[in-house]
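Both counts, for ligands and for their atoms, begin at 1 and track the order of listing. Given the structure is predicted, the values throughout are model-derived calculations rather than measurements.
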Amino acid sequence: MSLLTVTSVQPLTPRMVRMTFTGDGLADIGTWPDQQLKLLFPKPGCSAFVSESPDVGVWYQAYLAIPEESRPWMRSFTVRSLADDVLTVDFVLHGDSGPASAWAARAKPGDVIGRFGPSPDYARPLGGADVLVFAGDETALPAIASLLELLPSSQQRLAFVEVADPMEEQDIPGVRWVHRSAGENLVSVVTAVEVPSSVWAWLGGEASAVRALRRHFVALGVSKKDIEFSGYWRRTFTQDDAPTAEDLAEAQERIAALSE
Ligand SMILES: Cc1cc2nc3c(=O)[nH]c(=O)nc-3n(C[C@H](O)[C@H](O)[C@H](O)COP(=O)(O)OP(=O)(O)OC[C@H]3O[C@@H](n4cnc5c(N)ncnc54)[C@H](O)[C@@H]3O)c2cc1C
């Protein structure tokens, strides 16, 4: 792992802030679709550093060996872009209930956090279907935006992003914005759209919405291996809380779908 230093903080919308970082090792990271990484946020008066080891097992043992009171908070994020040794990450500001969101709301150039990843070991290719469907909430927007940018212009795609209200929209062509302020939600909007069973789907965001959307596409006849899905956050649970029985069942299904 290495440390990242904030170099700029730019509000994108009232609830989303874009940050750029420099740090060791960024030049060695390749590019692939949907690059996920772990960011480590220091507890007050403590360091975000864990261990130099690039081996995930060794690194995680070192992480767990840090006494809880000084162990940094670890949360998952997405590379919005990585170019010229500058890493860009977009953070949702969902309030002070979470250490990552609280940190992002106050961050300033010079602040330091930790980074583990992104690792090509977790790279997943985009599907080769005629139509690709992307659906998620604002936490999945960095991933959806960077995935859409990778697609050739000839690729048919449908993209749905649920956000609080129109102020949260970003300039991303072709997105059907779903506004909670208008009483809409991602699941009802996406399930109302007719799509063929030959689509490939990418789903990310609040776990129960992702679960409902995955069930919808499976019921439509979409093969499980053609549905990339991930619960990005859980209502009332933090990322430190243990997985629920549903989370574990889903993880097993994901592993099973990989071997289909
Ligand atoms: C692979 C992956 C990639 C991700 N990429 C991004 C990204 O690029 N940008 C980004 O902002 N997030 C991203 N997320 C989501 C992010 O990791 C979670 O929102 C995480 O919970 C934030 O940590 P926290 O410390 O702020 O809150 P936590 O301590 O985890 O949670 C505290 C409380 O806040 C609630 N909460 C958490 N997230 C939200 C939310 N978005 N809206 C409302 N309530 C919430 C929880 O239910 C809990 O009650 C990603 C998640 C995954 C798994």
Minimum-distance protein heavy atom relative to atom 15 (C) of ligand 1 | Tyr232 O, 3.7 Å
If you measure only the distance, is there a donor-acceptor pair under 3.5 Å linking the side chains of Trp233 and Asp137?
-> yes
Geometric cation-pi criterion, Arg71 with Tyr63: 6.0 Å, 45° | yes
Can you find an N/O atom of Ser230 closer than 3.5 Å to an N/O atom of ligand 1?
-> no
N/O of His94 under 3.5 Å from N/O of ligand 1, yes or no?
-> yes
Shortest protein heavy-atom distance from atom 11 (O) of ligand 1, along with the residue and atom involved | Val92 N, 2.8 Å
Among Phe77, Phe41, Trp73, Trp103, closest by heavy atom to atom 7 (C) of ligand 1 is Phe77
For ligand 1, the portion of Gln239 having any non-hydrogen atom under 4.0 Å away | both
For Thr20 and Thr7, does a side-chain donor sit closer than 3.5 Å to a side-chain acceptor?
-> yes
Per-residue contact class, Arg234 against ligand 1 - non-hydrogen pairs under 4.0 Å | backbone
Under 3.5 Å side-chain donor-acceptor pair for Glu169 and His179 = yes
among protein heavy atoms, the one nearest atom 33 (C) of ligand 1 is Ser97 OG, 3.5 Å
Of the protein's non-hydrogen atoms, which lies at the shortest distance from atom 6 (C) of ligand 1, and what is that distance?
-> Thr139 O, 3.4 Å
Which residue holds the protein heavy atom closest to atom 48 (C) of ligand 1, what is that atom called, and what is the gap in Å?
-> Phe237 O, 3.3 Å
Does a donor on one side chain sit under 3.5 Å from an acceptor on the other, for Thr78 and Gln36?
-> no
Select one of side chain, backbone, both or neither to describe which atoms of Thr236 lie under 4.0 Å from any atom of ligand 1, heavy atoms only.
-> backbone
the protein heavy atom lying closest to atom 5 (N) of ligand 1 turns out to be Thr78 OG1, 2.8 Å
Polar contact flag, side-chain donor to acceptor under 3.5 angstrom, Ser53-Asp55 = no
Keeping the roles fixed (side chain from Gln239, backbone from Ser76), state whether a donor-acceptor pair exists under 3.5 Å.
-> yes
For atom 29 (O) of ligand 1, what's the nearest protein heavy atom and its distance?
-> Arg75 NH2, 2.9 Å
The residue among Arg211, Arg214, Lys224 that forms salt bridge (charged side-chain N to carboxylate O under 4.0 Å, His left out) with Glu250 is Arg211
Measure the distance from atom 9 (N) of ligand 1 to every protein heavy atom, then report the residue, atom name and distance (to 0.1 Å) of the closest one.
-> Asp90 O, 2.9 Å
Ligand 1 N/O within reach of Thr238 N/O, cut-off under 3.5 Å | no
For Gly231, is at least one N or O under 3.5 Å away from an N or O on ligand 1?
-> no
Are any of the N/O atoms in Pro142 less than 3.5 Å from those in ligand 1?
-> no
With only distance considered, is Arg15 within less than 3.5 Å of ligand 1 through an N or O on each side?
-> no
Residue among Val222, Leu220, Val131 satisfying side-chain contact (heavy atoms from CB on, under 4.5 Å) with Val195 | Leu220
Apply the test ring-ring contact (aromatic ring centres under 6.0 Å, His included) to residues Trp103 and Phe41: give CA-CA distance (whole Å), side-chain angles for both, the deciding distance (0.1 Å), then the verdict.
-> CA-CA 8 Å; Trp103 177 87; Phe41 302 91; 5.3 Å; yes
Begin from the C-alpha positions of Phe160 and Phe134 and carry the test ring-ring contact (aromatic ring centres under 6.0 Å, His included) through to its verdict.
-> CA-CA 6 Å; Phe160 304 87; Phe134 300 88; 10.0 Å; no
Give yes if a backbone or side-chain nitrogen or oxygen of Phe91 is under 3.5 Å from a nitrogen or oxygen of ligand 1, and no if not.
-> no
